[in-house]
A.B. asks: 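The structure that follows is given in the form of structure tokens.
Owing to the predicted nature of the structure, the values given are computational and were not obtained by experimental measurement.
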Amino acid sequence: MDQRHHNHQSVHKRGRDNIGRSQLEFKRSRPNHQCQAGTTPVPSPPTSQALSTRRQLYERDFPVYKQPVEVGSFSLDSARRFFNDSRQLRYYVEPDRCPNFDLRDGYKDRFVKRDDGVKEKLDHILRWILANRSKLQSRATTASSPYALGVNFVTWRGHLTKLLTTPYETREGWLLAVTRFGGTFYISEVETEAAHKERENRTEKHEEMMYWGYKFEQYACADNIHSFPDPGGVVNTNEAFCTVVQTRLADHRLLFSGEVDCRDKDPKAPSPACYIELKTSAEICTPKQRSNFHRFKLLKWWAQSFLPGVPRVVAGFRDHEGVVVGVETFHISKISHLIKNEYNCWKPTVCMNFCCDFLSFVKSVVREDDPSVVYLFSWEPQRDVTYSIHRDSQYSFLPHWYIEEMTSGSRKDSQHR
């Protein structure tokens with residue numbers, strides 16, 4: 001079943017034609033990052049392609065987006081260890097409409113925070129792939145190499161979310177590293193200098209407010225179908241349950257993973273339709289606040305949940321003291337209706353068409369099939385997407401254990417044929 005915005009029919013062919021005319025503009029590549037010590041950048045040709053992010057270029061019909069299919073899941077425990085199962089999946093327990101949850105509770109004495117300075121790259125997804133290769137390869141209809149996965153792209157849902165929101169982002173740029181291996185393009189985020197500085201200089205208040213979102217999850221989630229939430233327990237942000245989904249955006253076959261907060265207690269509800277995203281936001285008291293909520297928060301909530309096929313977001317609205325004073329459910333399929341009266345607001349079709357064209361851009365640029373070669377795509381607000389090429393650099397992100405297992409596994413497969 002196709003996920004489409006209203007009743008738009010796909011005109012992806014026209015979209016591809018447009019890339020040649022308007023989105024891809026030939027100009028000097030201006031990567032907006034600095035090469036760090038130890039890299040070996042390969043200069044781009046004097047004139048290289050750049051991808052425009054101007055919104056009006058992407059106001060085409062909504063591209064075909066196939067209903068995402070969950071092909072697996074995995075868990076990360078309190079020590080961030082990988083398990084190829086759903087042990088960390090939690091169950092949603094609906095709060096009262098005015099629950100008065102104190103989100104500050106436990107911040108000082110019952111909080112274990114994940115070290116976000118440790119960059120895990122794609123490692124957990126890669127472990128899942130190795131544990132489920134036979135399942136993936138049995139789904140593949142064609143295999144261009146002995147260790148092909150049958151998909152074009154492997155990445156985190158969060159990286160795709162950044163792409164969807166790029167045409168409307170005005171503050172934060174991004175760096176995305178891409179490596180081609182076995183015919184598949186792997187996309188992994190690189191922390192920008194600005195994001196690094198922001199992380200290093202967070203105020204204590206900012207840190208506490210980040211905790212509030214996790215605390216809301218603790219108030220609304222139970223460990224199993226028969227239990228109730230335990231808000232007196234420890235909040236440990238190392239723990240995670242992640243879905244792995246496969247889908248297709250136009251002619252791009254995608255495999256990506258994203259963290260899931262909880263699922264509906266109804267045992268008959270299938271995945272990913274049973275999943276629920278939990279969010280917190282400041283309570284809305286004025287029309288201006290409501291407008292900002294529609295323009296900024298709902299864009300990110302929609303993008304994050306639409307991609308893996310999560311149908312609803314449950315939001316806890318909090319006061320300035322961090323107390324949840326109201327809870328509201330947002331159905332992803334109805335968010336475009338919610339924002340339609342906002343002047344010059346974001347459009348789902350622009351988000352999806354830009355993401356689609358970025359993936360086409362990557363396919364046209366990333367030619368070398370070599371895990372030691374990284375194409376670094378760089379973007380800053382009001383600029384075009386540019387790229388640079390790096391060999392044997394600190395940007396390389398596919399680990400040796402993954403490359404060796406994939407290549408040795410393919411040799412064993414060919415010997416058994």
Side-chain angles (χ1 to χ4, degrees), residues 1-13 15 58 60-74 86 89 92 125 128-129 132 135-142 149-161 163-165 184 187 241-264 266-277 298-314 329-338 347-360:
M1 178 185 170
D2 290 349
Q3 283 191 346
R4 301 172 191 243
H5 180 50
H6 298 305
N7 296 316
H8 290 317
Q9 298 299 310
S10 171
V11 288
H12 185 66
K13 181 179 184 302
Y58 301 97
R60 309 189 299 269
D61 287 352
F62 203 85
V64 169
Y65 189 60
K66 301 294 281 186
Q67 183 71 37
V69 174
E70 183 177 69
V71 291
S73 60
F74 61 87
S86 59
L89 177 58
Y92 177 62
I125 305 173
W128 182 89
I129 289 172
N132 296 274
K135 184 193 298 187
L136 277 178
Q137 289 172 330
S138 68
R139 291 178 62 90
T141 53
T142 60
L149 296 174
V151 296
N152 302 124
F153 294 92
V154 170
T155 192
W156 282 108
R157 180 263 313 272
H159 302 353
L160 295 175
T161 301
L163 290 172
L164 261 66
T165 59
T184 295
I187 304 177
F241 167 78
C242 297
T243 182
V244 182
V245 301
Q246 208 165 321
T247 184
R248 179 167 63 82
L249 172 58
D251 57 356
H252 308 301
R253 297 189 305 279
L254 310 177
L255 178 76
F256 60 87
S257 178
E259 189 170 346
V260 171
D261 293 329
C262 57
R263 66 156 291 156
D264 197 297
D266 178 5
K268 297 191 189 75
S271 307
C274 64
Y275 294 142
I276 299 168
E277 187 70 36
L298 282 187
L299 166 58
K300 293 191 173 171
W301 293 3
W302 170 82
Q304 184 182 24
S305 293
F306 179 79
L307 282 165
V310 174
R312 54 192 165 132
V313 174
V314 174
T329 298
F330 294 88
H331 295 274
I332 297 304
S333 61
K334 296 178 181 175
I335 283 179
S336 59
H337 181 76
L338 270 181
K347 297 176 182 177
T349 185
V350 169
C351 300
M352 293 300 283
N353 279 319
F354 173 74
C355 182
C356 187
D357 285 6
F358 174 81
L359 297 178
S360 296

A.B. asks: Once salt bridge (charged side-chain N to carboxylate O under 4.0 Å, His left out) is applied, do any residues pair with E277, and if so which ones, sequence neighbours excluded?
C.D. replies: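 Scan of E277 (salt bridge (charged side-chain N to carboxylate O under 4.0 Å, His left out), adjacent residues dropped) gives K279.
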A.B. asks: Quick one: does K300's side chain have a donor or acceptor within less than 3.5 Å of a partner on T165's backbone?
C.D. replies: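 Between the backbone of T165 and the side chain of K300 there is no qualifying donor-acceptor contact (under 3.5 Å).
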A.B. asks: When rounded to the nearest 0.5 angstrom, what distance separates CG in L254 from CG in L359?
C.D. replies: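 The CG atom of L254 sits 6.0 Å away from the CG atom of L359.
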A.B. asks: So which heavy atom on S257 is nearest to which on T243, and how close?
C.D. replies: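 Looks like OG-O, 2.9 Å.
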A.B. asks: A250 and C356: which non-hydrogen atoms are nearest, and at how many Å?
C.D. replies: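 Smallest heavy-atom distance, with atoms named: CB-SG, 3.5 Å.
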A.B. asks: Do N132 and V71 have side-chain heavy atoms sitting under 4.5 Å apart?
C.D. replies: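 A side-chain contact is absent here, since even the closest heavy-atom pair is not under 4.5 Å.
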A.B. asks: Between W302 and I332, is the side-chain contact (heavy atoms from CB on, under 4.5 Å) condition met? List the steps.
C.D. replies: CA-CA 6 Å; W302 170 82; I332 297 304; 3.7 Å; yes
A.B. asks: Look at the side chain of T155 and the backbone N and O of F256, then say whether any donor-acceptor pair between them is shorter than 3.5 Å.
C.D. replies: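 No.
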A.B. asks: With a 4.5 Å limit on heavy-atom distance, are the side chains of R253 and Q246 in contact?
C.D. replies: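 Heavy-atom side-chain distance check fails, nothing below 4.5 Å.
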A.B. asks: Can you check whether V151's main-chain N or O pairs, donor with acceptor, with T184's side chain at less than 3.5 Å?
C.D. replies: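 Checking the backbone N and O of V151 against the side chain of T184, a donor-acceptor pair under 3.5 Å is found.
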A.B. asks: Shortest non-hydrogen contact from A269 to R263?
C.D. replies: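 Between these two residues, the closest heavy atoms are O-NH2, 3.1 Å.
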A.B. asks: For the residue pair G72 and E70, what are the closest heavy atoms and their distance?
C.D. replies: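 For G72 versus E70, the nearest heavy atoms are O-CG, 3.3 Å.
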A.B. asks: Going by heavy atoms in the side chains, are I129 and L255 under 4.5 Å from each other?
C.D. replies: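 Yes - at least one pair of side-chain heavy atoms lies under 4.5 Å apart.
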A.B. asks: Determine the minimum heavy-atom distance between W156 and C242, stating which atoms define it.
C.D. replies: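 Of all heavy-atom pairs spanning W156 and C242, the closest is CZ3-SG, 4.3 Å.
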A.B. asks: Could you state the interatomic distance from CD (E259) to CZ (F241), rounded to the nearest 0.5 Å?
C.D. replies: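 Between E259 CD and F241 CZ, I get 10.0 Å after rounding to 0.5 Å.
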A.B. asks: Quick check: closest heavy atoms across M352 and L164, and the distance to 0.1 Å?
C.D. replies: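 Residues M352 and L164, closest heavy atoms: SD-CD2, 3.6 Å.
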A.B. asks: Would you give the length of the straight line joining atom CD1 of I187 to atom CG of L163, rounded to the nearest 0.5 angstrom?
C.D. replies: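 Between I187 CD1 and L163 CG, I get 6.5 Å after rounding to 0.5 Å.
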A.B. asks: With sequence neighbours left out, write down each residue that passes salt bridge (charged side-chain N to carboxylate O under 4.0 Å, His left out) with D264, or none if nothing qualifies.
C.D. replies: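 Applying salt bridge (charged side-chain N to carboxylate O under 4.0 Å, His left out) to D264 gives R312.
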A.B. asks: Any heavy-atom pair between the side chains of L89 and Y275 that's under 4.5 Å?
C.D. replies: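 Yes, at least one pair of side-chain atoms sits under 4.5 Å.
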A.B. asks: Can you tell me how far NE2 of H331 sits from CG of L338, rounded to the nearest 0.5 angstrom?
C.D. replies: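 Output value for this atom pair is 10.5 Å.
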A.B. asks: Between H252 (side chain) and N152 (backbone), is there a donor-acceptor pair under 3.5 Å?
C.D. replies: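 A pair under 3.5 Å: no.
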A.B. asks: Once rounded to the nearest 0.5 Å, what's the spacing between atom CZ of F306 and atom OG of S333?
C.D. replies: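 So the CZ of F306 and the OG of S333 are separated by 10.0 Å.
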A.B. asks: Measuring only between side-chain heavy atoms, which start at C-beta, is S336 closer than 4.5 Å to P348?
C.D. replies: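 Of all side-chain heavy-atom pairs linking P348 with S336, at least one is under 4.5 Å.
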A.B. asks: Are D261 and V314 close enough that some pair of their side-chain heavy atoms sits under 4.5 Å apart?
C.D. replies: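 With C-beta onward as the side chain, the pair stays apart.
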